[in-house]
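Residue numbers run from 1 in the order of the sequence given.
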Amino acid sequence: METPIPVRLKAARKAAGYTQQQLGMALGMDPNTASARMNQYERGKHTPDYQTMQRIGKVLGVPTAYFYCEDDKLSKIILRIYKEKYEH
């Protein structure tokens with residue numbers, strides 16, 4: 001199975017209301033390259049390292065584990081538990 005990161009990243013970004021450029025800039029990327037880099041991550045052409053995924057998760061309000069979870073049902077459970085824990 002291919003990595004679930006591209007699909008999960010795109011879903012989390014859209015749910016948080018960010019464009020690719022906005023997310024990249026929130027991570028400290030240059031505004032001129034932020035969109036292109038995030039696009040490469042979402043297409044699976046490049047994979048962010050673990051520390052970058054942690055930063056992305058923090059900006060988007062999702063746990064790092066969500067991006068790596070291969071099972072869709074389990075990923076939703078991870079999100080629900082995380083949100084219950086941190087949104088109170």
Side-chain angles (χ1 to χ4, degrees):
M1 176 183 185
E2 291 187 31
T3 177
I5 292 172
V7 172
R8 301 251 190 276
L9 175 56
K10 185 174 185 175
R13 177 184 60 78
K14 286 188 168 198
Y18 282 86
T19 65
Q20 290 177 334
Q21 183 176 27
Q22 289 169 333
L23 177 55
M25 289 172 55
L27 296 168
M29 295 176 189
D30 182 280
N32 295 319
T33 60
S35 181
R37 184 188 269 175
M38 295 310 301
N39 184 270
Q40 289 180 346
Y41 291 161
E42 289 184 9
R43 289 183 326 167
K45 183 169 180 151
H46 294 288
T47 302
D49 62 29
Y50 188 78
Q51 289 176 325
T52 301
M53 290 308 304
Q54 286 179 310
R55 291 183 16 240
I56 291 171
K58 189 170 190 160
V59 169
L60 297 178
V62 299
T64 308
Y66 168 76
F67 297 111
Y68 294 95
C69 185
E70 295 176 359
D71 183 270
D72 288 337
K73 288 181 184 179
L74 182 56
S75 71
K76 290 175 184 173
I77 292 168
I78 289 170
L79 267 183
R80 188 173 66 235
I81 291 170
Y82 181 85
K83 291 192 183 289
E84 286 174 5
K85 181 176 180 182
Y86 292 103
E87 287 186 350
H88 290 108

Spacing of R43 atom CZ and K10 atom NZ [to the nearest 0.5 Å] = 11.0 Å
Is there a path from V7 to L74 through hydrophobic residues (I, L, V, M, F, W, Y) whose side chains come within less than 4.5 Å of each other?
-> no
Between P6 and G44 the two heavy atoms that sit nearest each other are CG-CA, 3.6 Å
I5 CD1 to E42 CD distance, which is reported to the nearest 0.5 Å | 12.0 Å
Salt-bridge criterion met for K76 and D71 (N-O under 4.0 Å) | no
Measuring from T64:OG1 to Q54:CD, what's the distance to the nearest 0.5 Å?
-> 4.5 Å
L79 and V59: same hydrophobic cluster, using ILVMFWY side-chain contacts below 4.5 Å?
-> yes
Hey, what do you get for CD (Q21) to OG1 (T33), rounding to the nearest 0.5 Å?
-> 9.0 Å
Heavy atoms of M29 and Y41 approach each other most closely as CE-CE1, 4.1 Å
Value rounded to 0.5 Å, distance of CZ in R37 from CG in N32 | 13.0 Å
Shortest non-hydrogen separation from F67 to G57 and the atoms involved = CE1-CA, 3.7 Å
Shortest non-hydrogen contact from P63 to Y82?
-> CD-CG, 3.4 Å
Given side chains that start at C-beta, do those of I56 and M38 come closer than 4.5 Å, heavy atoms only?
-> yes
Donor-acceptor side-chain pairing of D72 and S75 below 3.5 angstrom = no
What is the minimum heavy-atom distance between M25 and A34, and which atoms define it?
-> N-CB, 3.8 Å
Any chance you could measure Y18, atom OH, to L60, atom CG, to the nearest 0.5 Å?
-> 6.5 Å
